[in-house]
Amino acid sequence: VQLQASGGGLVQPGGSLRLSCAASGVIFSINTWGWLRQAPGKQRELVADITQVDNTNYADSVDGRFTISRDNAKNTLYLQMKSLKPEDTAVYYCNTPSGYWSWGQGTLVTVSS
């Protein structure tokens, strides 16, 4: 299984980014997927997940600002992020919410003026 996250970068506070994660070697459509992040010096945390039937859940810290979605035809997971804050700075990963699959490299999001 390969999970390739992309779309990160440097953005100013209040800005937006859209992350993508391409999955291969796995039956994408039958899994619940999540976006997790790890900030410097902190543990990895789940910020959003989406079930096979598109039910979504969000961490309190991102609820109302982030939107998770999936395209099963493209085996791709997305995370639309808006109103970004400096505390959103982290490496973002896609995986199942429990981190079942091997971790990809993630994509770095830096929110700074």
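Worth knowing before you read on, the calculation uses all heavy atoms, side chains too, and leaves out hydrogens, waters and symmetry mates.
- The main-chain N or O of Gly8 is found under 3.5 Å from a side-chain atom of Thr107 such that the two form a donor-acceptor pair.
- Note: Ile68 CD1 to Cys94 SG = 9.5 Å, rounded to the nearest 0.5 Å.
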* Give the intermediate values and the outcome of ring-ring contact (aromatic ring centres under 6.0 Å, His included) for residues Trp35 and Tyr78. => CA-CA 9 Å; Trp35 282 98; Tyr78 301 100; 8.7 Å; no
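- Atom OG of Ser61 sits about 5.5 Å away from atom CD of Glu45, to the nearest 0.5 Å.
- Atoms CD and CG, on Gln43 and Leu36 in that order, are 12.5 Å from each other to the nearest 0.5 Å.
- The closest donor-acceptor contact from the side chain of Arg70 to the backbone of Phe28 lies under 3.5 Å.
- Under the 3.5 Å distance criterion, the side-chain polar atoms of Gln80 are left unmatched by any main-chain donor or acceptor of Thr67.
- Closest of all the heavy-atom pairs between Lys82 and Gly64 is CE-O, 3.6 Å.
- Side-chain contact between Ser112 and Pro86 is absent, with no heavy atoms from C-beta onward closer than 4.5 Å.
- Of all the heavy atoms in Pro97 and Leu46, the pair that sits closest is CB-CD2, 3.9 Å.
- Residue Trp101 comes nearest to Asn95 through the heavy atom pair O-ND2, 2.9 Å, listed as atom of the first residue, atom of the second, then distance.
- Put simply, the side chain of Tyr58 does not reach to within 4.5 Å of the side chain of Val47, judged on heavy atoms.
- Cluster membership for Val62 and Leu108, using ILVMFWY side-chain heavy atoms within less than 4.5 angstrom, is not shared.
- Judged by distance alone, the side chain of Asn31 and the main-chain N or O of Trp33 form no donor-acceptor pair under 3.5 Å.
- Grouping the Ile, Leu, Val, Met, Phe, Trp and Tyr side chains by contacts below 4.5 angstrom, directly or via other members, places Tyr93 apart from Val109.
- Summarising the local packing, CD of Gln105 is surrounded by 12 or fewer heavy atoms from other residues, nucleotides or ligands at distances under 6.0 Å.
- With rounding to the nearest 0.5 Å, the separation of NZ in Lys42 from CZ in Arg37 is 8.0 Å.
- In the hydrophobic cluster analysis, where Ile, Leu, Val, Met, Phe, Trp and Tyr join through side-chain heavy atoms closer than 4.5 angstrom, Trp103 is grouped apart from Leu77.
- Residues Val91 and Leu84 do not share a hydrophobic cluster, defined by chaining ILVMFWY side chains whose heavy atoms lie under 4.5 Å apart.
- For Gln4, the CD atom is loosely surrounded, since the number of other residues' heavy atoms within 6.0 Å does not exceed 12.
- Taken to the nearest 0.5 Å, the OG1 atom of Thr32 stands 9.0 Å off from the CD1 atom of Ile50.
- Using a distance-only test at 3.5 Å, with no hydrogens or angles considered, a donor-acceptor pair links the side chain of Arg65 to the main chain of Ser83.
- A side chain to side chain contact (heavy atoms under 4.5 Å, CB included) with Val111 is found for exactly one of Leu10, Leu17, Thr89, namely Thr89.
- Distance CG/Leu19 to CZ/Phe66: 8.0 Å, rounded to 0.5 Å.
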